[in-house]
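Okay, structure first, notes after.
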Amino acid sequence: MRKPRDFDSELKALADKAKALRERRVRQLGELLAATGADALDVDVLAGALLHAVTVKDAATKEGWRKAGAAFFLGKGGKSAGGPSGQQSGTLPRDGGAASA
């Protein structure tokens with residue numbers, strides 16, 4: 001006879017994993033801000049820039065930003081990410097750190 005599944009413990013484990021992923025994402029965003037020097041910006045300026053970036057629809061502009069970001073992670077940008085691979089330990093990977101659930 002099969003053992004019944006413990007849905008409550010499975011749901012708790014999934015919730016814990018989701019919380020850990022959210023915390024990791026927030027930590028990585030903070031590391032990205034520090035690595036790019038954006039942590040020196042005034043909070044209002046940074047928020048305004050991010051809000052503008054979210055609303056931009058121009059594909060060419062977004063592609064330019066993507067290329068600049070990729071160059072940053074490869075260490076070819078204005079500020080080097082450091083390290084032999086061009087990426088600091090703990091910074092976001094080139095795919096943006098997206099993790100599947």
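Atom CG of residue Leu29 and atom CZ of residue Arg27 lie 11.0 Å apart, to the nearest 0.5 angstrom. Here the straight-line distance linking atom CD of Gln28 with atom CG of Leu21 works out to 9.5 Å at 0.5 Å rounding. Atom NE2 of His52 is separated from atom OG1 of Thr61 by 7.5 Å, given to the nearest 0.5 angstrom. Arg22 CZ to Lys17 NZ: the interatomic distance, rounded to the nearest 0.5 Å, is 13.0 Å.
For Asp44, the side chain to side chain contact (heavy atoms under 4.5 Å, CB included) criterion is met by Asp42, not counting sequence neighbours.
Pairs of residues two or more places apart, or lying in two chains, that qualify as salt bridge (charged side-chain N to carboxylate O under 4.0 Å, His left out) and include a residue from residues 49-63 are Glu63-Arg66.
Within the 4.5 Å cutoff, the side chain of Leu41 has no heavy atoms near those of the Leu33 side chain.
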